[in-house]
Structure formats: structure tokens, C-alpha cells
Amino acid sequence: MNRITMEVARYRPDQEEAEPTLQAYEVPYEREWTVLDGLNHIKDEIDGTLSYRWSCRMGVCGSCGMMVNGEPKLTCGAFLVDHAPGPVRVEPLKSFPIVRDLVVDIEEFLTHLVRVEPWLVRNEEKPIAEGEYRQTPDELDIYKQYSMCINCMICYAACPVYALDPQFAGPAAIALAQRYNLDSRDQGAERRLAHLSSGHEGIWACTFVGECSVACPKGVDPAGAIQRYKLTAAMDWLGTLLPLAER
Amino acid sequence: MSRRRTIDPVLWMGFGAGGTLAAIVLPALMALLAVAVPVGLIALPQRMDLLSLVHSPVVRVGLWLVFAACLFHWAHRFRYTLYDGLQIKHLNELIFTGCYGGAAVGAAFAASVLWQIP
Amino acid sequence: MSAHLARSGPPHAYRRKASTWWWLTRWPYFAFVLREMTSVFVAWSVVWVLLLLRAAGLGEIQYRQFFAWSASPLILISNGVTVVMLVYHTLTWFNLVPRVMVFRFGRRPIPGPVMAGSHYLAWAAVTVGLAWLLVSR
């Protein structure tokens, strides 16, 4: 069996540690082992005190996002063999406060997410007797890509704007706002735009670095979503110049 | 629901227009005049030919729009570069004024030059 | 890493401060900052062209002096770098256009290559046009 050194960030505030450090573990691995498998091996066989989040181990739950050699990755999809001979450095997801070891506080992200109202907003609800909200495949296509987001926050770790200012709503929240804005069943676009128009926290804070889209493990293009949102806001602004334009 | 009009969409549109014009017009313009002529790759254009090219008011206004848009593109982009790149957001108002104000000064200079060409 | 306790969240949560040199830590970040810096060369180009037009307007001597100055090593190299940066601006700008301007024409969006291609076409047309105007026959 091959072996590789994993340098894993540790932070134990309960033990009066002032700042995070790296702890090295030598881990055996097969070709199919992911970084998550390595962490699980460490916890099961070497050091049970290591703390980290994971769940589905197949790239759909979004729990196991961490920095692997400085790149934000789902550890269940990052293979140890790709980093041979190592060492592999595993650190908590960038731009979020570290609670302990590899666990970050995700409250800021959740606040941004809730603020964009990521659900179908209706001005008028159809009574159930009138049946379902129907949608054609083409209408689905318009927003489908943005619905693939698993809230893993890897895009936030990749975004230098968020790193400098956590008040920025961030790639995933804005992409998810777009997922609903572009959904034919939704009527909440105006409310979301009102919230995301503010100078340094909404869409205008984005400078189209584009690394969020590069890092996204689910093929969402949050950068594109944000720029399209800017164009929509611009068209909307021009619309307000026309006195007879429909509001 | 009343809509609060923010200035950001306007700034972004100016940035976009300037960026597109700069992308299309400036590379050839500078490659020809600022590099090819001084190194002798192409002959120095006759001064009178150049002046007759920019003589018409339509051309002058058009040129001014291109120059002003390009300067605005710089202002908007540079403002964000200073804000994010240097992390000096505490100088926010100063950066804002310096950048867009600088573009305005440049646009005024452009107007003065284009007006005074015989 | 400087010790920096988070203002919100669990007590003793540790917030890592972003470095001023964040853009040097990864190649894509550096390429991004380089892309943003092209705006400086855009502004310089406008200034240079305006100085040229002003010199042309002032007289033959000033016109020739301007080009002599432009041929000096400092200015010439700066303008050479400027042309490179302007082309970098053009390429990065056109490549991003399809992700910004998504317009539906009927059932499908206008394809990205068409959006970008139309910009490249305009660039080619203007380039040829300027060459035709400025290169003496």
C-alpha cells in the first residue's frame, strides 16, 4: 500500500491554543482514496480528536469543503493519488471563522442565503383547485444550472472579494437568487434586486474574478449569474427612465 | 413598490461601454501610431491628413465619446482595483472622487483638445 | 497568521485575515489583477492620443517633436507594453462577453461564440479601417 503524509490543520481553543497549527499524519491509501478517506482513517485509526464535517461522501451534500493544498475542494472528490508523493495540506475552508480543527462557522453564509429569499415568491398564490404551476423544459433550462448549487461554500473560499469583505452576499447566494429570478413560477425578482443592489454587499461588489465558477464542484457559474444580474439591473434602471414603461 | 434608484447600474454601463470601445479601437490605434510609426515600420502620417480626418464635428464628437468612455472605464475599474487590491477601503470617498473626478478632468481635456484643433 | 478572534459566531472562533498580497498567492488571482490593471493602459492610451492631436493642432514642428519624443526609449517601451496590455484587455473582455450578455432568441440563448465572434468581427473591421486610414498609400 502507498503512504502519504497529510498535514492537517488543528485548532483547539478549549486547550488554550491561540492559533491554528499543522499536524502531520502518515496515511496509507489506495488509488481510489479521497482526502476524506484519509481524514476518516486518521480519525478512526490514528487520532480520534480530529474534528471535521462530512456526510454523503459522494459530492452532493456540500458538507466536506476544505482547502486542499491551498485550493478549495470537496474532500470526497479530491484524490490522494493526485497529490502523490505529498505532503497534502488540509485546512479549513478559507474566509470563514474556524470553530475547531477543520470545522468553520457557516452562519455568515446562511445569513446571506436567507436574505435573498431562495424560494418561490408569489405575489398571488394560485388556489390549489386551479392546479399546478406548469413549466416547459425550455423554461426549466433557463435556471436549471443555478439549481445545482449544493451550498458547499467552496465558491466563497475562492472569492477574493468575500475574503476581503464578508459583508458581500457572495457567489452562491447571488446565483441562488438568480435561480429563482429566472424561474417562470417566481414573482420575487424585484424584492431580491432591491436587497442585492446595495453598493458593497450586493451584485456590484463583484469584480468578475471568476474563480468561484472555476472552483464550483457542481458546474454552476455563479460569476456568470452575477454579471447577468448586473445587466438585468442595468436594463431595469433604464426602464425606470421611461415614464410609460411597465413596472 | 417604489424603486430606490442607485447609481451603480449607470456606472457599470459606462464601464461596459468604455471597455468595449477600448477593446475595439485602442489596440490598432496605439499599435499603429504609438509603436509602428516611431520605430519606422510605417511612415509618419502627414499632419494635414490627420487633421482632415478629425476635422468634421461629427468625428470630433464621436472621438470625444470614445475617449470619455475609455477614461470612464479606467475610473470605474481602477476604483475597484484600489478598493479590493490594496484593501484601502477606508479611503473610499477619496478613491471614488479621485477616479471619477480624474475621468471628468480627462474628458474636459479631451473636449478642449478636440475643440481647438483647426 | 495573526491571532484574530472572530467578532461573531462561537466564542474563540479564529478568523484568518486576508493578506494584502492575496493576488500573488495564486496564478489566477495574478492574471485577474493584471487584467484589471489594463485599465491604466487604456487611460494612458487616451492621454497619449490626445497629446498627439494637440501637437498636430499646434503645428508641424510640435507634431514632429511629439513623435520624436514618442520614439524615445522610455516612451516607446511604455507604449509597447501598452499595446500588449490593450490586446490582453481585448481578449479577456471578448471572452467574458458571452457570460454577461445572455440573450434568448426564441427558445435558445444566442450561442456564446456568436456573441464573442461579433465582437472579434468589429475589432477586425475597425483595425483594418484604422490601418487603411493611417498607413500612407
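So you know, we letter chains A, B, ... as the sequences are listed, proteins then strands, and number each from 1. The figures here come from the full heavy-atom set of this structure, side chains too, leaving out hydrogens, waters and symmetry mates.
In this structure, chain C has heavy atoms under 4.5 Å from both the backbone and the side chain of A:K94. The part of A:V104 that comes within reach of chain C is its side chain, from C-beta onward, which places non-hydrogen atoms under 4.5 angstrom from that chain. For a residue to count as touching a neighbouring chain, one of its non-hydrogen atoms must lie under 4.5 Å from one of that chain's; by this rule A:E139 does not touch chain C. Contacts of A:Y229 with chain C are absent, with no heavy-atom separation under 4.5 Å from either backbone or side chain. Looking at A:D14, neither its backbone nor its side chain comes within 4.5 Å of chain C, counting heavy atoms on both sides. In this structure, chain C has heavy atoms under 4.5 Å from both the backbone and the side chain of A:I142.
A donor and an acceptor atom, one from each side chain of A:S95 and C:R15, are nowhere located under 3.5 Å apart. Side chains of A:T136 and A:D138: a donor-acceptor N/O pair is absent below 3.5 angstrom, by distance only.
In this structure, C:F66 and C:W48 have tilted ring planes: the angle between them lies in the 30° to 60° band. Ring orientation note: the planes of A:Y162 and A:H112 are nearly perpendicular, at an angle over 60° on the 30°/60° scale.
Taking the charged nitrogens against the carboxylate oxygens, A:D236 and A:K230 have no contact shorter than 4.0 Å, which rules out a salt bridge.
Between chain C and the residues A:V99, A:I226, A:L93, the most heavy-atom pairs under 4.5 angstrom are made by A:L93. Among A:T207, A:D141, A:V209, A:V103, the residue making the largest number of heavy-atom pairs under 4.5 Å with chain C is A:V209.
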Next item on the list: Show your reasoning for whether side-chain contact (heavy atoms from CB on, under 4.5 Å) applies to A:Y143 and A:Q178.
Entry: CA-CA 7 Å; A:Y143 69 86; A:Q178 278 290 64; over 6 Å; no
